[in-house]
Amino acid sequence: MFKNKDRYLSFLLVLPSILAVMIFIYGFIGWSIRVSLSKWKGLTPNFEWAGLKNYIDLFSDPRFMVDIRNTVIFTVVFVVGCIVVGFLLAVMLDQGLKGEAFFRTLFLFPMAISFIVTGVVWRWLMNPATGSRMSGLNLLFSYLNLDFLINNWHTTPTWGIAAVALAAIWQMSGYTMALYLAGLRSIPLELREAAQIDGASELQIYRYVILPILTPVTLSVLIILGHISLKVFDLIIAMAGKQLALDVPAIYMWQTTFDGLFYARGAAIATLLLISVAVLIVPYMWFTLRSEKQL
Amino acid sequence: MKTKSLRTGKNWLYGPLIFMSIFYLLPMYVMLVTGFKPFEEVDLKTMWALPRHIAFDNYVEAFRHLAPSLRNSFVMVIPATIISSFLGSINGYVLAKWKFKGADVIFPLILFGMFIPYQSILIPLVQFMKSVNLTGIPGLILTHVIYGIPITTLTFRNYYASLPQELIEAARIDGASMLGVYRWILLPISIPSFVVVLIWQFTSAWNDFLFAVVLTGNTQWPITVALNNMAGSQIIAWNVQMAGSLLAALPTLLVYLFLGQYFLRGLLAGSLKG
C-alpha cells in the first residue's frame, strides 16, 4: 500500500546516516587496522607493511603487561563492586519504603557528572599525604578513629588502580542499581506470594526465586560494565595524570600515538581494545536483538 | 496492593540507605564547602570543616580561568545535541516504519558503533579532520553528531516501533505522505523521546574528554579538557579546582535534577534495555 516514491524518499533520508556510519565507524576501523599493520612512526604517514610486528612487540612490552594487569584489577574490582552495591541498593529500594524516589535520585546523580570531574574531586579525597599534612578520606578516617583504613589509595604499588576503581564504583553503582531495579519491578508479585505461601523465608525468596530470574540482568550488567572498564581513560587521566603505575591500554594508545607519534603501535593497541570489546558486545547484541524479535 | 508481610518492619533499612547516601554525597560535600570558603580559610587540614564565613572567592577565581571553555562547551554541545536528535528521529522513523530491504542488517551495524572504544577510530578521525580543515569546535560538533547516530537512532526506533502500524496507515488513507506522517503524526507525540535523546546527547557531549582533547587546541577547549589541565597544573590551588569541578558539573547536574526520569530512560536505552 506504500507508494514507491515514499519508499525511495525514506531510504534517501537515512542514507546520509548509513554512509556516515559506514565511513566513520567501519571505514575508520579498517583504516586503523591497516595502520596497525604498518611501520608508521613519525609525523608523515608510512604504510609500509610490517605484518603483525606491532602486535608481537606489544606482548613483550613491559608497559603493555602493566596495562593488562591494571585492566584486570580494575575490571574485577569495578564490576564486582558495582554489582554488589547496585544489587543491594536495588533490593533495599524495592521494599516500598518512604523516600524511595529521593534515595534513587541521590544514588544515580553521579552518572550525570563527567569522569573528569569525578577524577579531580576523588584525587583530593584520596590524597595519600601523612602526618600533619594528612587530608581527604584519610583525615576523615582518623577523625572517626578508623585509622586502620588509612592507606595510600591510588599511589599504592600494584593495587593503586583499585582505588581508581572505587571512584568508578561511586560513579556507576547507581546505574547498576537502576538496571536491577528495573528488573525487580518486572517480576510479577504473584511469584513472590506463591513462594511465601510455600513457606519460603524472605532470604530464601531472594536466593532461590528472585536471583535466578535476574540472571539476564546480571549478564547485561556484567557486559556493559565490563566493556566500560576496558575503555576506562578519562577517570585515570584526571586522577593520576600520565603516571606509568596506573597506565591502561587506552592511555598507552593515546600517549604513544599523539605524544610519541608511534601511530602503528597506537593503532595496534586500539585494535586489541576493539577486539576485546567486540568479544563482549557482539554476542550480547545478537541475543538482545533476537529476543526482541521473538516478542 | 502490596503484600503487607513483605513490606513491614523494614525501617532498619534506612540505616544502610543513609550510610550509602553519605558515600554518594561525600565528594559533593567537599566540593561545596571548599568552594564557599574564603581563601584564608582554605586548608587541606580542615577540608571537612564547614566554612566559618561564606565567600565566593573560589568560584570567581575558577570562573575567571574556565569561562572561555564553558562558553566553548555550550557553543559545541547545543548544535551537536539538536542536530543529532533530529537525525536520530528520522533514522528511527524509517527503520521502524519504512523498513527497506536490508534494514535488519543495517540496524545492528549502526548499533555496534555505540559500544566501540573510540580509540579504534581516533587516528583516522584526526587525520580526516585535519585534511578537510575541520578542526576545533566545528569538527567536534560533527564528531558528536556522527558518533551519536547509534544511540539516537536506537532510542527513536524503539519508540516508533512501539506505535501501532494502524496509526500510520490511517494517516496515509487520509492522504498523508511519508514525510507528512512524520511531521503531523509522529513528531508531535515523540516529544518525550526527544527529551530523552536531547538530555543524553547533551550529557555525553558535555562530559566527553577523548574527542575534545585530540580535536581541539587551547583556545577551543571545552570544559572537561580545561578542567583537567587546571587540575594537572601546579599553579592553581586545589580549592579553585574544587570550585571549577562544580562549575563543570553544574549544567548536567541541573538537567538531571529537573529531568531525572528522562535521563534514566536514556541510560536504560543505552544498555539496550529501554
Side-chain angles (χ1 to χ4, degrees), chain A residues 6 9-11 13-14 17-18 20-21 24-25 28-29 31-32 35 89 92 95-97 103 105-107 109 111-114 116-117 120-122 124-125 135 140 175 178-179 182 193 220 224 227 231 233-234 237-238 241 250 253 257-258 263 266-267 270-271 273-274 277 281 285 288-289, chain B residues 2-3 6-7 10 13 16-17 20-21 24 27 30-31 44-45 47-48 87 90-91 94 98 100 106 108 110-113 115-117 119-125 146 149 177-178 203 207 209-210 214 224 227-228 231-232 238 241 245 248-249 252-253 256 260 263-264 267-268 271-273:
Chain A
D6 278 352
L9 182 60
S10 68
F11 186 69
L13 282 173
V14 285
S17 295
I18 294 176
V21 166
F24 284 84
I25 294 175
F28 280 10
I29 287 175
W31 185 345
S32 256
V35 172
L89 289 180
M92 289 195 274
Q95 309 299 319
L97 292 172
F103 285 114
T105 308
L106 184 64
F107 297 157
F109 90 86
M111 274 304 284
I113 295 177
S114 65
I116 296 291
V117 168
V120 170
V121 178
W122 279 90
W124 290 105
L125 286 177
S135 72
L140 192 65
Y175 169 57
L179 289 172
E193 286 170 346
S220 311
I224 299 284
H227 106 283
K231 297 196 284 195
F233 172 73
D234 0 11
I237 296 281
M253 183 276 165
T257 309
F258 298 104
Y263 283 82
T271 306
L273 266 180
L274 178 71
V277 166
I281 290 296
M285 275 180 53
T288 312
L289 293 179
Chain B
K2 285 164 176 173
T3 42
L6 265 177
R7 316 262 155 178
K10 296 284 173 64
L13 285 173
L17 283 174
M20 287 313 285
S21 305
Y24 287 103
V30 174
M31 257 199 272
L44 273 174
K45 281 181 283 185
M47 131 185 230
W48 298 101
L87 209 57
I90 292 281
N91 292 340
V94 173
W98 292 84
F100 47 88
I106 294 285
I110 295 178
L111 221 50
F112 181 63
F115 298 104
I116 59 165
Q119 273 81 7
S120 63
I121 49 89
L122 212 52
I123 294 172
L125 181 72
I146 289 172
I149 288 174
S177 68
M178 181 253 169
T203 309
N207 289 343
F209 176 75
L210 182 61
V214 296
T224 44
L227 178 69
N228 182 55
W238 68 281
Q241 296 177 19
S245 299
T252 50
L253 266 184
Y256 172 68
F263 181 82
L264 182 59
L267 278 180
L268 295 177
S271 61
L272 303 182
K273 294 283 160 224

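Everything numeric in this text was worked out from a predicted model, so none of it was measured. Numbers restart at 1 for each chain; the letters A, B, ... are given by sequence-line order, proteins then strands.
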Item to check | Within the 6.0 Å centroid threshold, strictly below: B/Tyr256 and A/Phe109 | outcome: no
Next on the checklist: Using heavy-atom distances under 4.5 Å, tell me whether A/Met92 contacts chain B through its side chain, its backbone, both, or neither.
Outcome noted: both
Next on the checklist: Can you tell me which portion of A/Ile224 sits under 4.5 Å from chain B's heavy atoms? Options are side chain, backbone, both or neither.
Outcome noted: side chain
Checklist outcome for this item: dist A/Phe11:CZ -> A/Ile18:CD1 (nearest 0.5 Å) comes out at 5.0 Å
Next on the checklist: I need the minimum non-hydrogen distance between A/Lys231 and A/Ala250, along with the two atoms involved.
Outcome noted: O-CB, 4.1 Å
Next on the checklist: Counting heavy-atom pairs under 4.5 Å with chain B, which one of A/Tyr263, A/Phe107, A/Tyr175 comes out on top?
Outcome noted: A/Phe107
Next on the checklist: Minimum heavy-atom separation for A/Leu179 and B/Ser271, please, with both atom names.
Outcome noted: CD2-OG, 3.4 Å
Item to check | Structural part of A/Ile25 lying under 4.5 Å from a heavy atom of chain B | outcome: both
Item to check | Winner by heavy-atom pair count (cut-off under 4.5 Å) against chain A, out of B/Trp48, B/Phe100, B/Trp238 | outcome: B/Trp48
Next on the checklist: Given heavy-atom pairs under 4.5 angstrom as the criterion, report whether the side chain, backbone, both or neither of A/Phe258 touches chain B.
Outcome noted: side chain
Item to check | Most chain A-contacting option - heavy-atom pairs closer than 4.5 Å, from B/Val30, B/Ile123, B/Thr252 | outcome: B/Ile123
Checklist outcome for this item: Honestly, the part of A/Thr105 sitting under 4.5 Å from a heavy atom of chain B is both
Checklist entry - Which atoms of B/Phe115 come close to chain A, meaning under 4.5 Å heavy atom to heavy atom: side chain ones, backbone ones, both, or neither? => result both
Checklist entry - Among B/Gly232, B/Pro108, B/Pro117, which residue forms the greatest number of heavy-atom pairs with chain A at distances under 4.5 Å? => result B/Pro117
Next on the checklist: How long is the straight-line distance from CE of A/Met111 back to CG of B/Leu253, given to the nearest 0.5 Å?
Outcome noted: 12.5 Å
Item to check | Side chain, backbone, both or neither of B/Met31 within contact of chain A (heavy atoms, under 4.5 Å) | outcome: side chain
Next on the checklist: Which atoms of A/Phe233 are under 4.5 Å from chain B, going by heavy atoms: the side chain, the backbone, both sets, or neither?
Outcome noted: side chain
Checklist entry - How many angstroms lie between atom CG of A/Asp234 and atom CD1 of A/Ile116, to the nearest 0.5 angstrom? => result 5.0 Å
Checklist entry - Most heavy-atom pairs under 4.5 angstrom with chain B, which of A/Ala20, A/Gly266, A/Ser114? => result A/Ser114
Checklist entry - Top residue by heavy-atom pair count (under 4.5 Å) with chain A, among B/Ser245, B/Ala248, B/Gly113? => result B/Ser245
Checklist entry - In terms of heavy-atom pairs under 4.5 Å with chain A, which of B/Leu111, B/Leu87, B/Leu17 leads? => result B/Leu17
Checklist entry - Should B/Tyr24 and A/Leu89 be marked as a side-chain contact (heavy atoms from CB on, under 4.5 Å) after you check the CA-CA gap, both sets of side-chain angles, and the distance that decides it? => result CA-CA 12 Å; B/Tyr24 287 103; A/Leu89 289 180; 3.5 Å; yes
Item to check | Straight-line distance of A/Ser32 OG to B/Leu122 CG, nearest 0.5 Å | outcome: 8.0 Å
Item to check | Distance, nearest 0.5 Å, that separates CZ of A/Phe28 from OG of B/Ser120 | outcome: 11.5 Å
Next on the checklist: Would you compute the distance between atom CG of B/Leu125 and atom CD of B/Gln119 and round it to the nearest 0.5 angstrom?
Outcome noted: 12.0 Å
Next on the checklist: Is A/Val121 in contact with chain B via its backbone, its side chain, both, or neither, using a 4.5 Å heavy-atom distance?
Outcome noted: both
Checklist entry - What part of A/Val117 is in contact with chain B, defined as an atom under 4.5 angstrom from a non-hydrogen atom: side chain, backbone, both or neither? => result both
Item to check | Test item: A/Ile113 and B/Asn207 side chains (from C-beta on) under 4.5 Å apart, heavy atoms | outcome: no
Item to check | A/Phe103, part contacting chain B, at a heavy-atom distance under 4.5 Å | outcome: side chain
Next on the checklist: Under 4.5 Å from any heavy atom of chain B, what part of A/Leu13 do you find: side chain, backbone, both or neither?
Outcome noted: both
Checklist entry - Taking all atoms of both residues into account, what is the closest heavy-atom pair of A/Trp124 and A/Ser135, and its distance? => result O-OG, 4.4 Å
Checklist entry - Minimum heavy-atom separation for B/Ile110 to A/Val21, with atom names? => result CA-CG1, 4.1 Å
Next on the checklist: Please identify, among B/Thr224, B/Leu264, B/Ile106, B/Thr203, the residue contributing the most non-hydrogen atom pairs under 4.5 Å to chain A.
Outcome noted: B/Thr224
Checklist outcome for this item: Under 4.5 Å to a heavy atom of chain A? For B/Ile149 that would be side chain
Checklist entry - Which one, A/Leu125, A/Leu140, A/Val35, leads in non-hydrogen pairs under 4.5 Å with chain B? => result A/Leu140
